[in-house]
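Here the structure is a predicted model, which means the values were calculated and not measured.
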Amino acid sequence: MRQAVSMVAHLGFRLRALPSALSRSLSSAQDVLHRTPLYDFHLAHGGKMVAFAGWSLPVQYQDSHMDLHLHTRQHCSLFDVSHMLQGTLSLFTNEAGGILDDLIVTNTSEGYLYVVSNAGCWDKDLALMQNKVRELQNKGSDVGLEVVDNALLALQGPTAAQVLQAGVAHDLRKLPFMTSAVMEVFGVAGCRVTRCGYTGEDGMEISVPAPGAVRLATAFLENPEVKLAGLAARDSLRLEAGLCLYGNDIDEHTTPVEGSLSWTLGKRRRAAMDFPGAEVIVPQLKGKVQRRRVGLMCEGAPMRAHSPILNVEGTRIGTVTSGCPSPCLKKNVAMGYVPLEYSRPGTPLLVEVRRKQQMAVVSKMPFVPTNYYTLK
């Protein structure tokens, strides 16, 4: 039973993936990996399991990565992103202004905050929050911290709402992007449905009590609109949408301004400067930043993480952090960091791929238009 306190923070996991990160995360020690409540479900449906951020997760199923990517854009797909809930993006920063983690925080109608961290940041996020809770309790505040062990399914794509509506009594037309509600879903009680996702498409993320996860996933797959998708499709979809992967595109050595995430800092916090790293970050908001995260597009071989970025004279000026061929655009897209003077869209650059230099251009993000649902 949840305690009646002024704030209860629920900490879960956000699982993200990309092929370049997967190559660093693969491990033969499968027996030491965490398993989501859907692990056996994935195996039964032909999921190819890999290690990612300490978890055993499906990278793809029998359908190809390309087919699943395009199916998500045209219909909808189901992703296992267990221990995750969405609301609004926020950041934990350190005193140097670096990003400790990008988190999702939901201010629920039940009177508590639901906080979601990246799986790889679990230990440091939990320790940070526990220390803050003790500090507030010592000052007399009525605050507590609870870890929630739920599964989470992400149903993503233009027909996701239609599929989900068949299993809920709530009118999903009244649930816009980045809002959530607790409801019964296909007979599974106690689910929190949030309209959000990591693909750039309309969709829902359903936080479901672990015992009901397989039942709910099975119900979704009974609809021919739905296919199972894994980490590979999830990464190319998020990259087309211009969304960051923590540890690749942002980290403790990246500030929110450098990472093009200034919009996460509210006006009150900017004025009060009452958050870690404010003395570094706030001046950057006024234009005093040396580098920026940018989108890149090129022909030829795909750009990958760690590929050098050069100016047209051939001098190295930055590094690619994520990259892949875009299934929708049939071009190669990437993100990376360059000095501010090279960050304007349309700026010609070079990228070194397989020891060869090829032309690239700074491009606006998202690369593919997003389709988040908002009220008319």
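- Taking 4.5 Å as the limit, every side-chain heavy atom of Asn332 sits out of range of all side-chain heavy atoms of Met297.
- Annotation: Phe220 is in aromatic contact with Phe186 [ring centroid separation under 6.0 Å].
- Between Glu252 and Lys124, at least one side-chain N (NZ, or NE/NH1/NH2) sits under 4.0 Å from a carboxylate O, which counts as a salt bridge.
- The two residues Val188 and Gly212 have their closest heavy-atom pair at CG2-O, 4.0 Å.
- Between the CG atom in Leu350 and the CD atom in Glu313 there is a gap of 8.5 Å [rounded to 0.5 Å].
- Shortest non-hydrogen contact noted between Cys196 and Glu205 is SG-OE1, 3.5 Å.
- With hydrogens and angles left out, the side-chain atoms of Gln156 and Thr199 include a donor and acceptor closer than 3.5 Å.
- Side-chain atoms of Asp101 and Tyr246 form no donor-acceptor pair, as typed in the model, at a separation below 3.5 Å.
- Rounded to the nearest 0.5 angstrom, Met204 CE and Tyr373 OH are separated by 8.5 Å.
- Scanning both residues, Ser326 and Glu240, for their nearest heavy atoms gives OG-OE2, 2.6 Å.
- By the rule that hydrophobic residues join a cluster once side-chain heavy atoms approach within less than 4.5 Å of another member, Val351 and Ile317 end up as members of one cluster.
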- Leu153/Leu78 under side-chain contact (heavy atoms from CB on, under 4.5 Å): CA gap, chis, key distance, verdict: CA-CA 7 Å; Leu153 297 174; Leu78 187 66; 3.9 Å; yes

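- No donor-acceptor pair closer than 3.5 Å links the side chain of Ser141 to the backbone N or O of Gln137.
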- Query: Should Val294 and Leu296 be marked as a side-chain contact (heavy atoms from CB on, under 4.5 Å) after you check the CA-CA gap, both sets of side-chain angles, and the distance that decides it?
  - Reply: CA-CA 7 Å; Val294 298; Leu296 298 168; 4.3 Å; yes

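- Side-chain contact of Asp80 with His42: a donor-acceptor pair under 3.5 Å is present, judged by distance alone.
- Note that CG of Leu245 is 9.5 Å distant from CZ of Arg234, once rounded to the nearest 0.5 Å.
- Residues Arg293 and Ser260 bring no donor and acceptor atom of their side chains to less than 3.5 Å of each other.
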- Item | Evaluation steps, side-chain contact (heavy atoms from CB on, under 4.5 Å), between Met49 and Leu231 | CA-CA 10 Å; Met49 310 301 287; Leu231 298 176; over 6 Å; no

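- Counting all heavy atoms, side chain and backbone alike, Gln358 lies closest to Ala301 at NE2-O, 2.8 Å.
- Of all heavy-atom pairs spanning His71 and Ser77, the tightest one is CD2-OG, 3.6 Å.
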Validation: residues 277-287 side-chain donor-acceptor distances under 3.5 Å, sequence neighbours left out:
from	atom 1	to	atom 2	distance (Å)
Gln284	OE1	Thr255	OG1	2.6

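- Between the side chains of Gln60 and His65, no donor-acceptor pair of N or O atoms lies under 3.5 Å.
- In this structure the side chain of Val226 never reaches within 4.5 angstrom of the side chain of His75, judged on heavy atoms.
- No side-chain N or O of Thr321 forms a donor-acceptor pair with one of Asn248 less than 3.5 Å apart.
- Going from atom OG1 of Thr264 over to atom CG of Leu261 covers 5.5 Å, rounded to the nearest 0.5 Å.
- Hydrophobic clustering (side-chain heavy atoms under 4.5 Å, transitive across Ile, Leu, Val, Met, Phe, Trp, Tyr) groups Val147 together with Met129.
- For the residue pair Ser236/His69, the side-chain donor-acceptor check at 3.5 Å is satisfied.
- Looking at Glu135 and Lys139, a side-chain N of the basic residue comes within less than 4.0 Å of a carboxylate O on the acidic one, giving a salt bridge.
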- Message: Leu340 vs Gln290, test: side-chain contact (heavy atoms from CB on, under 4.5 Å). Steps then yes/no.
- Response: CA-CA 6 Å; Leu340 185 62; Gln290 300 300 311; over 6 Å; no

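- The side-chain heavy atoms of Met335 and Val320, taken from C-beta on, include no pair separated by under 4.5 Å.
- At least one side-chain heavy atom of Arg268 sits less than 4.5 Å from a side-chain heavy atom of Asp274.
- With rounding to the nearest 0.5 Å, the separation of CD1 in Ile104 from CG in Asp102 is 7.0 Å.
- The side-chain heavy atoms of Glu201 and Thr370, taken from C-beta on, include no pair separated by under 4.5 Å.
- For Gln62, the CD atom sits in a loose shell: 12 or fewer heavy atoms of surrounding residues, nucleotides or ligands are nearer than 6.0 Å.
- Counted within 6.0 Å of NZ on Lys330, heavy atoms from surrounding residues, nucleotides or ligands total more than 12; the atom is thus considered enclosed.
- Taken from CD in Gln162 to SG in Cys76, the straight-line distance is 8.0 Å, to the nearest 0.5 Å.
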- Task: Would you check, one step at a time, whether the test side chain to side chain donor-acceptor pair (under 3.5 Å) holds for Arg238 with Ser322?
- Result: CA-CA 10 Å; Arg238 70 92 189 171; Ser322 290; 2.9 Å; yes

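- Looking only at distances, a side-chain donor or acceptor of Asn311 sits under 3.5 Å from a matching main-chain atom of Thr315.
- Tyr337 and Leu91 fall within the same hydrophobic cluster, defined by Ile, Leu, Val, Met, Phe, Trp and Tyr side-chain heavy atoms under 4.5 Å apart, directly or through other members.
- Cation-pi contact between Arg195 and Phe177: absent, since separation from the ring centre below 6.0 Å together with deviation from the ring axis within 45° is not met.
- Residues His170 and Glu184 have side chains that never bring a donor and an acceptor to within less than 3.5 angstrom of each other.
- Nearest heavy-atom pair across Leu70 and Cys328 is CD2-SG, 4.1 Å.
- Asn131 places a side-chain N or O within 3.5 Å of a backbone atom of Ala127 that can act as its donor or acceptor partner.
- Here Arg292 does not pair with Glu258 in a salt bridge; the nearest charged N to carboxylate O distance is not below 4.0 Å.
- Looking at Thr72, its side chain does come within 3.5 Å of a backbone N or O of Leu68 through a donor-acceptor pair.
- Contact of the Leu145 side chain with the Leu126 side chain is registered, since non-hydrogen atoms from C-beta on lie closer than 4.5 Å.
- Follow the hydrophobic side-chain contacts under 4.5 Å out from Leu239 and you never reach Leu89; the two are in separate clusters.
- Leu155 and Leu175 fall within the same hydrophobic cluster, where Ile, Leu, Val, Met, Phe, Trp and Tyr residues are linked whenever their side-chain heavy atoms come under 4.5 Å apart, directly or through other members.
- Under a cut-off of 6.0 angstrom, the local environment of CZ in Arg134 is crowded, with over 12 non-hydrogen atoms contributed by other residues, nucleotides or ligands.
- In this structure the side chain of Leu100 reaches within 4.5 angstrom of the side chain of Leu128, judged on heavy atoms.
- When side chains are defined from C-beta on, Leu103 counts as touching Asp125, because their heavy atoms get closer than 4.5 Å.
- Put simply, the side chain of Asn118 never gets that close to the backbone of Cys121: no donor and acceptor are under 3.5 Å apart.
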